[in-house]
Amino acid sequence: MNNNKISGSEALIRSLINEGADTIFGYPGGAIMPVFDALYDYKDKINHILVRHEQAATHAAQGYARVSGRPGVVLVTSGPGATNTITGIADAMIDSTPLVVLTGQVFSGLLGSDAFQEADVVGITKPISKWAYQVRHAEDIPWAIARAFYIANNGRKGPVVIDITKDAQQGILEYSYKKMNFIRSYQPVPDLNHTDIQEAAKLINEAKKPLALIGQGVILSGAENELKALLEKADIPGASTMLGLSALPTDHPLNVGLLGMHGNVAPNLKTNECDVLIAIGMRFDDRVTGDLNTYAKQAKIIHFDIDPSEIDKNVKTDVKVLGDAKITLAEVTGFVSENKHTEWRNSFKEHDTEEYNAVIKDEVYPKLGGLKMGEVVRKVSEATNHNGILVTDVGQNQMMGVRYFKYNQTRSVVTSGGLGTMGFGLPAAIGAKIANPDRTVCLFVGDGGFQMTMQELGTIMQYGIDVKIIILNNHFLGMVRQWQELFFDERYSETLMTNPDFPAIAKAYKIASQRVDEREDLDEAIAEMMNHKGAYLLDVQVELQGMVYPMIPAGTCVTNILLGEHKKV
């Protein structure tokens, strides 16, 4: 008997193992049952996490990918199982997160007949994935998996969807596997242009007021050291997009903070004062640029990116540097002169002081009033010695989390950026902890977003996943309420929430928990949470109508910064 003659389902599992996959996030069903049956014999080689909803499988895989740097793997059935992954696939696409999503499909002879649990998965996912492909023959499975991992994790990373008919899963093939390292029709990394490298270096050398914008591309390419080398050699202040946070440690002297709508005052203002703007692995999202007609018009723009489609898409570039940031940053640094921009860097500090006095002091070190979101984030970050992994949901909890958590090492921020997916946080925290079990994972989530995927407490219970869950509970859909207060005449339409007893729900899932109502109880509660072995839910009753400031109103100039009610920079 030929030992290499195996089923398509077994070939799929073997192929995942050959690609180095060690974890699958999934949910079984009829059209994928042969694969789950094959998985039964490989439990010693690959771990499966049974989530409670397929959307959560994608978000958990995203958390895993963002922390580990390896593609997250999702395995679900056809029809509703596949369509439930759509939000996570779209989220991964816009945030450049590598996923391999495997969906079951009805028998190929039934395709197009509206068979039970049939859906056009390829047609649905093509616009929101790097590649979507349907496998109808068992012998095509190894090739499809090799291609999927190559596409997902090379070039600009992102999700790939492989839809596998049931007859392909059950068919027999002569198994062999070859990893893919080349696709003729796909050039993941553009060729290096040495003229562009030298032109970029020339602009940096001539700059009197340079400013670097640090995007997630630095982290995805593993270019953190190359970034530091460039910034330190040329003495360039660096500001981060939300997904670029942790590429540069919080306390690095050249780190000038967070860009964007709820970012720090100094880097936003200085965007419209610098003479050379150096964008690295970021896409000039509207939450960073505000009104494009007034954005950095005085500056020469250098744009480092691996994706040619990003060049000139939103902001007109003077010099483009295409390629992998780890390579291109090192190349440019070789031509950059050592420099000092002391006066320019010091000019950021007066704005830091203004922001501290107007916003941060009362948010992070309050003495009166209800519990503040910012003070909770600060205290939790301190309790980890700033070595924790921050995971957030979306909304005010997200903005407070990224503003006040601090980072000593890279890959420390997991959040939904471009799509802004409520419900992302809890499953993403599960994936983050599985990817790096030695680090403390702290999830900040609002009472609204938590209830979108709180069924994943069951996953945490089943696998004993040690996630610290901090609900910033203000009994509102907080960010929508903030906009209603500022821009809709305080007409709070459908944003007030009547919430359940979250600690009681945690108890039902055998998860330790506590509710905190008063400031004097916060420190002890955080200490108990951090010292507890296992998952912990902390329900913190923060002020009902807290606001996230600074704030740049949507679509306005980046210098139009609100510091509070009736207060502008």
Side-chain angles (χ1 to χ4, degrees), residues 7-16 21 24-40 42 46 48-62 71-93 99-145 147-149 151-152 159-173 427 453 455-456 459:
S7 70
S9 293
E10 186 175 357
L12 174 59
I13 300 301
R14 282 202 200 178
S15 298
L16 292 175
I24 300 170
F25 301 92
Y27 203 97
I32 199 66
M33 206 174 295
V35 176
F36 276 88
D37 184 67
L39 179 65
Y40 191 87
Y42 288 88
I46 193 163
H48 180 271
I49 303 296
L50 176 64
V51 296
R52 298 317 191 246
H53 189 282
E54 292 90 351
Q55 179 183 343
T58 57
H59 295 329
Q62 287 176 274
V73 180
V74 176
L75 181 64
V76 299
T77 195
S78 64
T83 58
N84 281 344
T85 68
I86 299 304
T87 297
I89 295 168
D91 193 295
M93 186 66 176
L99 297 186
V100 175
V101 179
L102 307 165
T103 64
Q105 185 55 273
V106 301
F107 285 96
S108 56
L110 294 175
L111 290 169
S113 71
D114 290 335
F116 178 66
Q117 292 192 333
E118 180 190 1
D120 182 4
V121 175
V122 171
I124 293 169
T125 59
K126 265 187 177 179
I128 54 169
S129 63
K130 286 187 72 177
W131 184 50
Y133 183 78
Q134 187 175 80
V135 176
R136 301 184 185 182
H137 304 284
E139 56 266 29
D140 294 334
I141 287 175
W143 168 87
I145 297 302
R147 188 179 177 98
F149 274 84
I151 292 173
V160 168
V161 179
I162 305 296
D163 189 47
I164 310 171
T165 63
K166 199 165 183 179
D167 45 321
Q169 298 169 43
Q170 294 177 336
I172 302 299
L173 71 152
T453 51
Q455 76 280 345
E456 296 311 314
T459 307

Under a 3.5 Å distance rule, please check whether [X] uses its side chain to pair with a backbone N or O of [Y] as donor and acceptor.
{"X": "Gln169", "Y": "Ala31", "result": "yes"}
{"X": "Glu118", "Y": "Gly112", "result": "yes"}
{"X": "Asp167", "Y": "Ser108", "result": "yes"}

Nearest heavy atoms of [X] and [Y], plus distance in Å:
{"X": "Ser78", "Y": "Gln105", "result": "CB-CA, 3.9 Å"}
{"X": "Phe36", "Y": "Gly26", "result": "CZ-C, 4.5 Å"}
{"X": "Ala56", "Y": "Pro427", "result": "O-CB, 3.5 Å"}
{"X": "Ala168", "Y": "Ile141", "result": "O-CD1, 3.7 Å"}
{"X": "Val76", "Y": "Gly81", "result": "CG2-O, 3.6 Å"}
{"X": "Ala21", "Y": "Phe149", "result": "CB-CZ, 4.4 Å"}

Against Thr165, only a single residue in Val106, Leu110, Leu111 fulfils side-chain contact (heavy atoms from CB on, under 4.5 Å); can you say which?
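Exactly one candidate clears the test, Leu111.
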
Residue of the set Ile145, Ile32, Val160 for which side-chain contact (heavy atoms from CB on, under 4.5 Å) holds with Leu102
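The single option meeting the side-chain contact (heavy atoms from CB on, under 4.5 Å) with Leu102 is Ile145.
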
Is there a side-chain contact between [X] and [Y] (heavy atoms, below 4.5 Å)?
{"X": "Leu99", "Y": "Pro71", "result": "no"}
{"X": "Tyr42", "Y": "Glu10", "result": "yes"}
{"X": "Val73", "Y": "Leu16", "result": "yes"}
{"X": "Thr58", "Y": "Asp91", "result": "no"}
{"X": "Gln117", "Y": "Pro80", "result": "yes"}
{"X": "Val35", "Y": "Ile13", "result": "yes"}
{"X": "Leu39", "Y": "Ile46", "result": "yes"}
{"X": "Leu50", "Y": "Tyr27", "result": "yes"}

Regarding Thr459 and Glu456, do their side chains bring together a donor and an acceptor under 3.5 Å, going by distance alone?
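Yes, a side-chain donor-acceptor pair sits under 3.5 Å.
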
What distance do [X] atom [atom1] and [Y] atom [atom2] have between them, rounded to the nearest 0.5 Å?
{"X": "His137", "Y": "Leu173", "atom1": "NE2", "atom2": "CG", "answer": "12.5 Å"}
{"X": "Glu54", "Y": "Thr103", "atom1": "CD", "atom2": "OG1", "answer": "11.0 Å"}
{"X": "Gln134", "Y": "Asp163", "atom1": "CD", "atom2": "CG", "answer": "5.0 Å"}
{"X": "Tyr133", "Y": "Ile151", "atom1": "OH", "atom2": "CD1", "answer": "11.0 Å"}
{"X": "Gln55", "Y": "Thr83", "atom1": "CD", "atom2": "OG1", "answer": "11.0 Å"}

Quick one, His53 with Thr453, criterion side-chain contact (heavy atoms from CB on, under 4.5 Å). Give me CA distance, side-chain angles, the key distance, then yes/no.
CA-CA 8 Å; His53 189 282; Thr453 51; over 6 Å; no

